[in-house]
Amino acid sequence: MRKFQLSDKGFDVLNTIFVTIIVLLIVYPLIFVLSASISSPSAVNTGKMWLWPVDISFSGFKTVFQNDAIWSGYRNTIIYTVVGTILHLVILLPCAYALSRKEIAGKQFIMWFFLFTMLFNGGLIPTYLVIQSLGMIDTIWAIVVPNVVGAWSILVARAFFQQSIPDQLVEASKIDGATDFHIFFKIVLPLSLPIIAVMALFHAVGLWNQYFNALIYLSDETKYPLQLILREILILNEGMTGGAGSEGGSVNSFAEQIETASLIKYAVIIVSSLPLLIVYPFVQRFFVKGVLIGSVKE
Amino acid sequence: MAKNPARAISMNSRLDRFKKNVLLNWRLYVFLLPAILYFTIFHYIPMYGVQIAFKDFYATEGITGSPWVGFDHFSRFFDSYYFWRLIKNTIILSLYQLILFPLPIIFALMLNELKNGPFKKWSQTLTYAPHFMSVVVIVGMLVAFLDPITGIINHVITSLGGSSISFLTSPEWFRHIFVWSGQWQTLGWGTIIYLAALSGVNPELHEAAKIDGASRIQRILHINIPAILPTIVVLFILNIGSFMAIGFEKVLLMQNNLNAETSDIIQTFVYQTGLLEGQYSFAAAIGLFDSVINLTLLVIVNQIARKTSENSLW
């Protein structure tokens with residue numbers, strides 16, 4: 001037994017090496033995309049570029065910024081994300097706060113009413129029919145209203161309110177004649193900025209990244225969010241149907257088209273992920289906190 | 001009317017108490033209203049609407065007006081030639097993902113052993129990042145990297161003397177690509193909960209074990225893993241609960257006619273028959289079948305977990 005034992009030093013060295021390998025494997029594709037977005041397409045396509053940029057050119061970004069579809073997708077996504085996140089908070093916070101207060105009767109029942117939806121749901125088709133019958137097809141509401149709040153978020157936010165809003169504070173304010181509205185807006189919300197940030201961030205990322213609801217509920221291309229435009233460019237290879245292809249005026253050769261397509265591919269990935277990439281390092285601790293609050297109460 | 005007067009009185013007084021409660025705290029009930037409305041309209045009405053699985057739904061007749069057909073749609077689905085293919089694909093893909101469940105646990109244990117603070121922090125920050133990328137971008141990257149002519153992977157293969165592979169149109173590659181690209185995206189993020197549980201381990205346990213001559217590996221096996229076992233069990237149950245709910249949106253993006261043999265799963269089939277072909281009732285029946293299986297699995301696993309360990313969801 002002793003013979004096979006690894007010394008502590010040896011363990012540390014091996015462990016560090018393995019972690020380094022895993023980190024490199026995860027980071028490499030990201031670096032590749034970043035480098036490819038500012039390299040010449042031919043260098044990327046022939047495999048000459050494999051780590052650092054080769055023949056640096058920003059034509060990919062130029063083409064992306066000239067593409068009307070991407071701009072309109074960007075604008076739509078920002079609108080959907082902002083409206084959806086506000087709606088999320090407006091529904092979630094009061095509800096979670098009310099459920100955290102002992103005055104409410106039937107709390108258990110209401111909580112189960114929400115939680116049951118995590119166990120069972122009507123499914124894609126019945127949900128679609130409801131959205132359709134409400135006339136929400138091809139409107140912003142089909143994007144921001146379904147999944148506006150989940151039972152899980154209510155559970156998490158309620159746990160936060162229970163732990164961080166002392167009962168005495170609420171009681172004292174009540175004795176001073178404050179109404180529940182007043183207490184919630186003037187006292188509870190200012191004390192709850194961390195949970196508001198966590199919930200808003202999680203929901204905003206989800207909205208920014210989602211494509212499926214837009215795919216099934218939107219048919220008007222001017223309403224497409226960024227992710228649907230990306231899908232066309234990156235996966236369906238329809239990137240050149242937009243303004244970019246006709247810009248040259250002349251008939252592009254097939255090879256040239258492939259080149260431009262792959263040129264904007266990487267740039268478009270960067271452009272679409274940019275907001276998250278910029279914000280991510282600063283808000284990482286909020287996200288981590290969110291996961292942890294969620295795991296406290298199982 | 002009241003056989004038991006005492007009970008009737010207590011019912012009445014309970015009702016009175018409730019009325020008083022509502023009158024006194026009506027503002028709090030108003031707070032609940034939007035959420036209750038949302039869940040009713042967008043979750044419970046669809047549950048009511050799931051009855052179209054047992055009907056022939058005509059849009060003009062509405063849900064209640066359409067004629068009942070019993071289990072016709074289900075038997076049509078069970079008898080169809082694609083039934084076993086869908087079941088097989090869904091189960092294999094789910095099992096494949098489930099087998100990799102220990103990977104984030106192992107990675108968390110490794111990160112936890114790192115002594116160098118900044119290195120640990122950087123490793124976490126970098127490996128969390130892919131979690132925030134959209135599935136569209138992930139699949140877009142796969143398309144770019146795995147392209148038979150221009151993709152970097154095939155450049156490597158051909159430069160090593162192999163011949164280029166059309167990964168995304170090959171049924172035999174679909175599962176590997178799907179599952180491992182998923183691991184790439186979620187491995188780091190998946191460690192957060194375990195790392196939190198590990199940070200709660202009492203350092204005195206480690207000190208005592210060290211004095212008794214336990215090696216690092218032994219201490220990980222006998223102190224760290226037991227410490228995070230409750231977390232592992234709960235997450236495992238949740239995983240089983242969504243066993244057949246594979247990242248269907250990603251499957252849909254990766255699917256094409258050429259790899260459908262392995263990429264066709266129950267949920268993509270629901271999407272295709274229901275929303276693309278407009279067979280609402282048939283698709284709703286398949287969706288219901290899927291949800292019932294998931295619910296059953298969750299209940300069974302939770303029951304087993306409750307019997308064999310202290311940890312369960314309910």
Side-chain angles (χ1 to χ4, degrees), chain A residues 5-6 8 11-12 15 18-19 22-23 26-27 29 33 45 47 50 91 94-95 97-98 101 103-105 113-114 117 119-130 146 148-149 179-181 205 209 211-212 216 227 230-231 234-235 262 265 269 272-273 276 280 284 288 291-292 295 298, chain B residues 18 21 25 27-28 31-32 34-35 38-39 41-43 45-47 49-50 52 107 110-111 113-115 123 125-130 132-134 136-137 139-141 143-144 150 152 155 184 188 192-193 196 215-217 234 249 253 270-271 274-275 280 283-284 287-288 291 295 298 313:
Chain A
Q5 257 183 25
L6 204 57
D8 270 13
F11 177 91
D12 275 331
N15 188 39
F18 281 131
V19 170
I22 294 174
V23 172
I26 291 178
V27 171
V33 169
N45 289 341
W50 65 276
I91 296 180
C95 167
Y97 171 68
R101 294 281 300 275
E103 290 95 322
I104 289 273
F113 178 78
F114 295 148
T117 61
L119 300 177
F120 186 78
N121 59 67
L124 179 63
I125 305 299
T127 309
Y128 180 86
L129 292 176
V130 169
V148 66
V149 60
T179 66
D180 282 312
F181 287 160
V205 171
N209 283 339
Y211 83 94
F212 187 69
I216 62 177
Q227 298 298 331
L230 285 183
R231 173 174 168 267
L234 295 175
I235 300 166
S262 74
K265 247 177 203 189
I269 289 176
S272 71
S273 314
L276 287 179
Y280 169 66
Q284 188 197 347
V288 173
V291 174
L292 296 183
S295 63
E298 293 289 356
Chain B
F18 180 67
N21 181 321
N25 301 303
R27 291 179 180 87
L28 286 179
F31 277 171
L32 288 174
Y38 162 74
F39 276 93
I41 297 172
F42 294 95
H43 289 276
I45 292 183
M47 280 184 216
V50 89
I52 65 167
F107 190 45
M110 289 165 74
L111 285 173
E113 295 298 319
L114 291 177
K115 292 277 156 54
S123 303
T125 303
L126 290 173
T127 53
Y128 294 171
F132 295 97
M133 302 174 77
S134 74
V136 175
V137 165
V139 177
M141 282 166 66
V143 170
T150 60
I152 175 86
H155 282 308
W184 174 78
I192 293 178
I193 289 182
S215 70
R216 286 285 274 283
I217 303 272
V234 168
E249 301 188 354
L253 289 172
V270 171
Y271 167 73
L275 295 183
Y280 290 145
L288 180 59
S291 325
L295 182 58
L298 183 67
L313 290 183

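Atoms considered below: every heavy atom in the structure, side chains included; atoms not considered: hydrogens, waters and symmetry mates. Being a predicted model, the structure only gives us computed values, none of them experimental. Here is how names work: the chains are called A, B, and so on, in the same order as the sequence lines, proteins then strands, and each is numbered from 1.
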Engineer: Would you give the length of the straight line joining atom CD1 of Ile91(A) to atom CG of Leu32(B), rounded to the nearest 0.5 angstrom?
Structural biologist: 12.5 Å
Engineer: Testing the basics here: between Glu103(A) and Asn21(B), what is the closest heavy-atom pair and its distance to 0.1 Å?
Structural biologist: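 In this case the closest contact between Glu103(A) and Asn21(B) is O-ND2, 2.8 Å.
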Engineer: Do Glu113(B) and Val19(A) come close enough that some side-chain heavy atom pair is under 4.5 Å?
Structural biologist: no
Engineer: Please check if the number of heavy atoms outside Trp184(B) that lie under 6.0 Å from its CH2 is greater than 12.
Structural biologist: yes
Engineer: Does Ile22(A) reach the side chain of Met110(B), with side-chain heavy atoms less than 4.5 Å apart?
Structural biologist: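 The answer is yes; the side chains approach within 4.5 Å.
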Engineer: Heavy-atom pairs under 4.5 Å with chain A - which of Ala284(B), Gly287(B), Pro130(B), Gly188(B) has more of them than the others?
Structural biologist: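 Most heavy-atom pairs within the cutoff with chain A belong to Ala284(B).
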Engineer: Could you give the distance from CG (Leu126(B)) to CD1 (Ile26(A)), rounded to the nearest 0.5 Å?
Structural biologist: 9.0 Å
Engineer: Which distance, rounded to the nearest 0.5 Å, do you find between the CG of Leu129(A) and the CD1 of Ile45(B)?
Structural biologist: 12.0 Å
Engineer: First locate atom OG1 of Thr150(B), then atom NZ of Lys265(A), and finally report the distance between them rounded to the nearest 0.5 Å.
Structural biologist: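 Going from the OG1 atom of Thr150(B) to the NZ atom of Lys265(A) covers 6.5 Å.
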Engineer: Flag the one option from Val148(A), Val27(A), Ile269(A) with the top tally of heavy-atom pairs under 4.5 Å to chain B.
Structural biologist: Val148(A)
Engineer: To the nearest 0.5 Å, what is the distance between CE on Met141(B) and CD1 on Ile235(A)?
Structural biologist: 12.0 Å
Engineer: So which of Phe212(A), Phe113(A), Tyr128(A) has the largest heavy-atom pair count under 4.5 angstrom toward chain B?
Structural biologist: Phe113(A)
Engineer: Hey, are the side chains of Val139(B) and Leu234(A) touching, using non-hydrogen atoms and a 4.5 Å cut-off?
Structural biologist: no
Engineer: Take Arg216(B) and Asp12(A) through the test side chain to side chain contact (heavy atoms under 4.5 Å, CB included) and record every step on the way to the result.
Structural biologist: CA-CA 9 Å; Arg216(B) 286 285 274 283; Asp12(A) 275 331; 2.7 Å; yes
Engineer: Below 4.5 Å from any heavy atom of chain B, which atoms of Ile125(A) appear? Answer side chain, backbone, both or neither.
Structural biologist: side chain
Engineer: Atom SG in Cys95(A), atom OH in Tyr38(B): separation rounded to 0.5 Å?
Structural biologist: 12.0 Å
Engineer: Which bit of Ser273(A) is near chain B, if near means a heavy-atom gap under 4.5 Å: side chain, backbone, both or neither?
Structural biologist: side chain
Engineer: Side chain, backbone, both or neither: which part of Pro146(A) has a heavy atom under 4.5 Å from chain B?
Structural biologist: backbone
Engineer: Between Phe132(B), Phe42(B), Phe18(B), which has the largest tally of heavy atom pairs under 4.5 Å with chain A?
Structural biologist: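 With the most close heavy-atom pairs to chain A, the winner is Phe132(B).
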Engineer: To check you understand the geometry: which heavy-atom pair defines the closest contact between Met133(B) and Asn209(A), and what is its length?
Structural biologist: C-ND2, 3.8 Å
Engineer: Relative to chain B, which segment of Leu230(A) carries a heavy atom at a distance below 4.5 Å: side chain, backbone, both, or neither?
Structural biologist: both
Engineer: Determine whether Ser134(B) and Tyr211(A) make a side-chain contact, defined as any pair of heavy atoms from C-beta on separated by less than 4.5 Å.
Structural biologist: no
Engineer: Can you name the residues that form a side-chain hydrogen bond (donor to acceptor under 3.5 Å, both in side chains) with Thr179(A), not counting sequence neighbours?
Structural biologist: none
Engineer: For Asn45(A), is there any backbone N or O sitting under 3.5 Å from a side-chain donor or acceptor partner on His155(B)?
Structural biologist: yes
Engineer: Classify the ring geometry between Phe31(B) and Tyr97(A) as parallel (under 30°), tilted (30 to 60°) or perpendicular (over 60°).
Structural biologist: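 The arrangement is perpendicular - the two ring planes meet at more than 60°.
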Engineer: Counting heavy atoms not belonging to Phe181(A), are there more than 12 under 6.0 Å from its CZ?
Structural biologist: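 Yes - once you tally the heavy atoms of other residues, nucleotides and ligands closer than 6.0 Å, there are more than 12.
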Engineer: Give the member of Leu288(B), Val143(B), Ile192(B) that has the highest number of heavy-atom pairs under 4.5 Å with chain A.
Structural biologist: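 Looking at each option in turn, the highest pair count goes to Ile192(B).
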Engineer: Would you check if Ile216(A) and Tyr271(B) make a side-chain contact, meaning some heavy-atom pair closer than 4.5 Å?
Structural biologist: yes
Engineer: Please look at Val149(A) and chain B and tell me whether the side chain, the backbone, both or neither of the residue comes under 4.5 angstrom of a heavy atom of that chain.
Structural biologist: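 Contact with chain B is through both the backbone and side chain of Val149(A).
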Engineer: Tell me every residue that passes side-chain hydrogen bond (donor to acceptor under 3.5 Å, both in side chains) with Thr127(B), counting only those two or more places apart in sequence or in another chain.
Structural biologist: none
Engineer: Please classify the contact between Tyr280(A) and chain B as side chain, backbone, both or neither, with a heavy-atom cut-off of under 4.5 Å.
Structural biologist: side chain
Engineer: How about Asp180(A) and Asn25(B): do any of their side-chain heavy atoms sit closer than 4.5 Å?
Structural biologist: yes
Engineer: For the interface with chain B, which of Gly122(A), Pro126(A), Gly123(A), Ala98(A) has the highest count of heavy-atom pairs at distances below 4.5 Å?
Structural biologist: Pro126(A)
